[in-house]
Amino acid sequence: VRDREPEPVPAGTDSEGRRIKASPLARRMAQDHGVDLASMDGSGPEGRIVRRDVEARIEEGEAAPAETK
Amino acid sequence: MATTYDCVIIGSGPGGYETAIRASQLGLKTAIVEKNKLGGVCLNIGCIPTKALLKSAEVMAESKHISDFGLNLEGEITPDFPKVIERSRGAASQMNKGVQYLMRKNDIDVHYGYGRLAGNGTVEIVPSENMDGEQVGEEKTINAEHIIIATGARPREIPPLPIDEDNVVSSTGAMTQTERPDRLVIVGAGAIGVEFGYFYKHMGTDVTIIEVQDRIVPAEDADVSKELKRSFKKAGINVMTGAMVQGYEEADGALKVEVETDKGTEYIEADQILSAVGVVGNVEDIGLEELGVETNGNDIVVDEFYRTNVDGVYAIGDVTGAPWLAHKASHEGIICVEKIAGEDVRPMDKKNIPGCTYCQPQIASVGYTEEQAEEAGYDIKVGKFPFKASGKAAALGHNEGFVKIIYDKKYGELLGCHIIGHDATELIAEVVTARTLETTGHEIMEAIHPHPTLSESIMEATRAAYGEPINI
Amino acid sequence: MATTYDCVIIGSGPGGYETAIRASQLGLKTAIVEKNKLGGVCLNIGCIPTKALLKSAEVMAESKHISDFGLNLEGEITPDFPKVIERSRGAASQMNKGVQYLMRKNDIDVHYGYGRLAGNGTVEIVPSENMDGEQVGEEKTINAEHIIIATGARPREIPPLPIDEDNVVSSTGAMTQTERPDRLVIVGAGAIGVEFGYFYKHMGTDVTIIEVQDRIVPAEDADVSKELKRSFKKAGINVMTGAMVQGYEEADGALKVEVETDKGTEYIEADQILSAVGVVGNVEDIGLEELGVETNGNDIVVDEFYRTNVDGVYAIGDVTGAPWLAHKASHEGIICVEKIAGEDVRPMDKKNIPGCTYCQPQIASVGYTEEQAEEAGYDIKVGKFPFKASGKAAALGHNEGFVKIIYDKKYGELLGCHIIGHDATELIAEVVTARTLETTGHEIMEAIHPHPTLSESIMEATRAAYGEPINI
Ligand SMILES: Cc1cc2nc3c(=O)[nH]c(=O)nc-3n(C[C@H](O)[C@H](O)[C@H](O)COP(=O)(O)OP(=O)(O)OC[C@H]3O[C@@H](n4cnc5c(N)ncnc54)[C@H](O)[C@@H]3O)c2cc1C
Ligand SMILES: Cc1cc2nc3c(=O)[nH]c(=O)nc-3n(C[C@H](O)[C@H](O)[C@H](O)COP(=O)(O)OP(=O)(O)OC[C@H]3O[C@@H](n4cnc5c(N)ncnc54)[C@H](O)[C@@H]3O)c2cc1C
């Protein structure tokens, strides 16, 4: 019986090929909610994207209906 | 004229003194007011001296198994109780001196005496008596833009057991008295209660621990309580749960302790009772009512940056409520003062405050218990690794206990970890840091834990949670 | 007919047996070939039995200071050397039985005997003799799509000191012999050399450690070497650095060891010599040349997923070269087999492999030393926290050593950490995991380390590196 889920989400890169600094949990949540990490700033040390940043983005997304985007 | 500071801190426990150092580093002119001794409960009558006592108990416990290690003991090892106490006092006084040095080094003015808020940024100080019975301080007034209350907490007293530090001792009496009771009843099976239970047992005392809830260390995961109970039974420590102490009577030089259990009223003979039923914040007579500082029972109410409802008045540490832990106090203080200094700070995640218990086997935990995780609505996966399967534990001859670790199924978040066993209190730091870094189980499995160590068990428990156990 | 497997692993050390378990979990039909005993060097004649010996030595060492803990010892504690060895053998055999159980539990076929690659996915097995002198295995051939070589390494022999396990012993002899030499010369001051030095000293042997480089534990940060040397001197262990053993002569029942130093040739009298000058991979006579598997000296050459240049042939663990560590072997094996099974795996970051030494004070480190970080061109900030300033260390009575931590100035990356002191081997896991999670110093400072613990020292050292020291 294997329970590998959820798979780890590798660190992505931005449009200039730089590695996006984000915590494993933030990466995982972003993938799940279709949040683009390349488009956001992190509030963690050295600009690391952490869970609260992704959560804030998810909330924003839910507040603003998709068609107005 | 009254000296004016940027920041005055009332109380020099781990909350107060570390905050003072950080404040001074940040360029704030800082003073501390202390009515007793630098270092507060933690250094003088809390964390440090108890851990010194427990080390003596551990060596005693291990000495009973000395032949297991292939060593011959001709004769006997026995505790010299007053010396054990003396050593502990020595450790406390060494740390106290350390704080004195740190205050000088960091240019922090120390005002001994009892401090009281007098409004408009003023603190009134009056002389007080310290724990050695010495009169300290003098009457004066100091001013500050920012006043941080770090007055800590004191042992809670319950009506059936008035503390007289003779028949009924608090933790303070239990760690400073040089006469050892032959029979000790401990009321309360939290960290302090079980630590003293372990200590006195190995000093030769007959120990009974009475807990009103249905399990010992009730703040811990239920599996941990079960394991500790088993271990204590093996060590010959009596444990009564679901039992309420009603009071005691003194007769024929002994105490008859009345205990209510499911089965009715029982009486236990003892020579002393240790009341270890928690602590209450020191909120009285420090000017809170006069200034209108909001409290909730014995806790000062603060926001995420430790600001009270009154401008310029802050509170940190034990006086702000649970969990009553030294590292909570110091981290709160540092956040508080960094915010005051205008640094970019993040509030503390209370779920990242670990709790430790230093009897053997030790207990350490952080985050959600299994029950809490389920109540919070998480869909969880749980892994457990017993130290019986650890090579290092076998080599050390300490294979009691386990690591239990809890992950969220959806994102793989590490929700909680509960360790009981040798060195648990050192092992938990990895989990605290990993949670701070928002780990998932994968990174814990990927991290190359050195072999052979007990810390590998955290990795092994994680593998078990993910359905990929290796060494079980 | 030959049985056919998906995966056959030659060698059942921590590399081989953990890999086999993971392979089986991943649905691969798996077998292991072992010429000696399950568990390899690590469990039978390496990590585990040495740590058991060291625990006996530690208890001996602590017993000498038993009155420091307020305990009275009437009489004396003395080592019963054969019993100390027996206990260690017991720990090894317990772990070996554990692996036998794990093989059954995970449906892994164990083929005893000497294995050799015969091309086209075939492994030829012939009977062999195990360390107890028993004949094991029978002649047979098995097939597999994937063959993983995990044959490990053996002690390196140098010309002046041919190992006869009598005058000159290897680590194997030193940990299994039941007679203790009165005077022991140890050649090589790496982890194994200093561990045996500490062990034999506390068993009552007069120990001299000879190291050709200019400091002991030369793979560690230079500050660590200095601290260990000081501690060993205090313990009465003789240390000679920059010294080369030329050979020895047997005369009058004693050995005269010839050592070349700066000052010329010296002679040391001893009863036994322990050669601890490293290990070499077991690459001989397993069919590598016949198949054309590339080697570099005694290391099999592999890529980041442990594939050799020959299709279907992999190699992991000690046989692939430095660092020769159990946890490196097992992590490599798991990566190798997960890749084979088509999992999404990331290569190992070799800078994240911690190294541990289990004498007292213990040593543990991961990442760059100060020297290496500078050589790599980093602009660094370094923090150091001595255990003398730790409350837990004071309580334990173990305040030797320090935590040294190195950060990159530019990004705050945790480049390396070097711990010498009590429990160092458990403390390092936090740093390994933090590095795996790509921490900066901020998260280490933010993580609420429980008080009082030694692990706090990692946070304190970090604060020192950032110029914000609290408790120093
Ligand atoms: C027996 C025991 C063992 C413990 N073990 C641990 C442990 O292992 N780990 C752990 O984390 N925690 C432990 N604790 C709890 C820990 O001691 C407290 O959480 C910690 O000391 C709280 O720090 P603080 O700075 O908030 O207050 P305190 O340490 O209580 O310090 C408050 C200080 O303020 C002073 N003060 C109070 N009122 C005034 C006033 N009006 N004017 C001037 N000065 C004043 C007091 O004299 C005192 O020095 C233990 C506690 C006890 C009792
Ligand atoms: C004294 C000592 C102490 C050590 N302490 C530590 C420590 O504390 N921590 C640590 O991480 N490392 C330690 N090590 C190193 C550690 O033991 C090795 O790194 C580890 O065992 C390597 O694992 P492995 O699986 O690669 O090989 P090994 O453990 O060497 O296993 C190889 C196995 O392959 C078998 N084999 C070899 N050739 C064949 C063949 N042709 N056919 C069938 N079977 C074969 C061998 O019999 C053996 O069982 C120590 C080593 C020694 C000697």
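Residue numbering restarts at 1 for every chain, and letters A, B, ... go by the order of the sequence lines.
For C/L54, no part sits under 4.5 Å from any heavy atom of chain B, backbone or side chain. Proximity to chain C (any heavy atom under 4.5 Å) is shown, for B/L396, by both the backbone and the side chain. Of the two parts of C/C47, the backbone and the side chain both hold a non-hydrogen atom closer than 4.5 Å to a non-hydrogen atom of chain B. Using a 4.5 Å cut-off between heavy atoms, C/L102 touches chain B through its side chain atoms alone. For chain B, the nearby part of C/R346 is the side chain; its heavy atoms alone come within less than 4.5 Å. For chain C, the nearby part of B/L427 is the side chain; its heavy atoms alone come within less than 4.5 Å. Residue contact with chain B, scored on non-hydrogen atoms closer than 4.5 Å, is absent for C/P49. For chain B, the nearby part of C/M445 is the backbone; its heavy atoms alone come within less than 4.5 Å. Interface remark: C/D423 contributes side-chain atoms only to the contact with chain B (heavy atom separation under 4.5 Å). Contact of B/L26 with chain C is not made at all, since no heavy-atom distance falls under 4.5 Å. Only the side chain of B/I444 comes within contact range of chain C, with at least one heavy atom under 4.5 Å from a heavy atom of that chain. For C/K350, no part lies under 4.5 angstrom from a heavy atom of chain B. Looking at B/Q94, only its side chain comes within 4.5 Å of chain C, counting heavy atoms on both sides. Contact of B/P82 with chain C is not made at all, since no heavy-atom distance falls under 4.5 Å. Heavy atoms closer than 4.5 Å to chain C are found in the side chain of B/M95, but not in its backbone. Residue B/A389 touches chain C through its backbone alone, counting heavy-atom pairs closer than 4.5 Å.
Heavy atoms only, all atoms of each residue included: B/A52 and C/A395 are closest at N-CB, 3.6 Å. B/P452 and C/K51 get closest at one heavy-atom pair: CG-CD, 3.6 Å. Taking both residues in full, the closest heavy atoms of B/R87 and C/G397 are given as NH2-N, 3.5 Å, listed atom of the first, atom of the second, then distance. C/K105 and B/P469 get closest at one heavy-atom pair: NZ-CG, 4.5 Å.
Note on C/H442, C/E58, C/M60, C/E74: by heavy-atom pairs under 4.5 Å with chain B, the leading option is C/E74. Contact count versus chain B (heavy atoms, under 4.5 Å) is highest, among C/V99, C/N106, C/I472, for C/I472. The candidate from B/L73, B/V59, B/N72, B/L53 with the greatest count of non-hydrogen atom pairs under 4.5 Å with chain C is B/N72. Here C/T78 is the residue among C/V84, C/T78, C/I48 with the most heavy-atom pairs under 4.5 Å with chain B. Of all the listed residues (B/E438, B/K83, B/H327), the one sharing the greatest number of non-hydrogen pairs under 4.5 Å with chain C is B/H327.
Side chains of B/N471 and C/E18: a donor-acceptor N/O pair is present below 3.5 angstrom, by distance only. No hydrogens or angles considered: nothing links the side chains of C/T436 and B/E443 as a donor-acceptor pair under 3.5 Å.
For C/R89, the salt bridge (charged side-chain N to carboxylate O under 4.0 Å, His left out) test picks out no residue, with sequence neighbours left out. Looking at residues two or more places apart in sequence or on another chain, you find a side-chain hydrogen bond (donor to acceptor under 3.5 Å, both in side chains) between B/H451 and B/E456. Take B/R22 and apply the salt bridge (charged side-chain N to carboxylate O under 4.0 Å, His left out) test, not counting sequence neighbours, and it matches B/E338, C/E468.
For the atom pair CD1 of B/I448 and NZ of C/K351, the computed distance is 12.5 Å after rounding to the nearest 0.5 Å. Going from atom CZ of B/R435 over to atom OG1 of C/T433 covers 14.5 Å, rounded to the nearest 0.5 Å. To the nearest 0.5 Å, the span separating CD on B/E446 from CG on C/N352 amounts to 9.0 Å. Here the OG1 atom belonging to C/T425 is positioned 8.0 Å from the CG atom belonging to B/L454, to the nearest 0.5 angstrom. A distance of 5.5 Å separates CD1 of B/I470 from CD1 of C/I21, quoted to the nearest 0.5 Å. Atom CD1 in C/I77 sits 7.0 Å away from atom CG in B/L71 (nearest 0.5 Å).
Chain B is approached within less than 4.5 Å, heavy atom to heavy atom, by C/E62, C/I66, C/D68, C/F69, C/G70 from residues 62-70 of chain C, ordered by number.
Using a 4.5 Å cut-off on side-chain heavy atoms (C-beta onward), B/V432 and C/M459 make no contact.
C/E426 pairs in a side chain to side chain donor-acceptor pair (under 3.5 Å) with only one of the listed residues (B/H422, B/H449, B/K392), which is B/K392.
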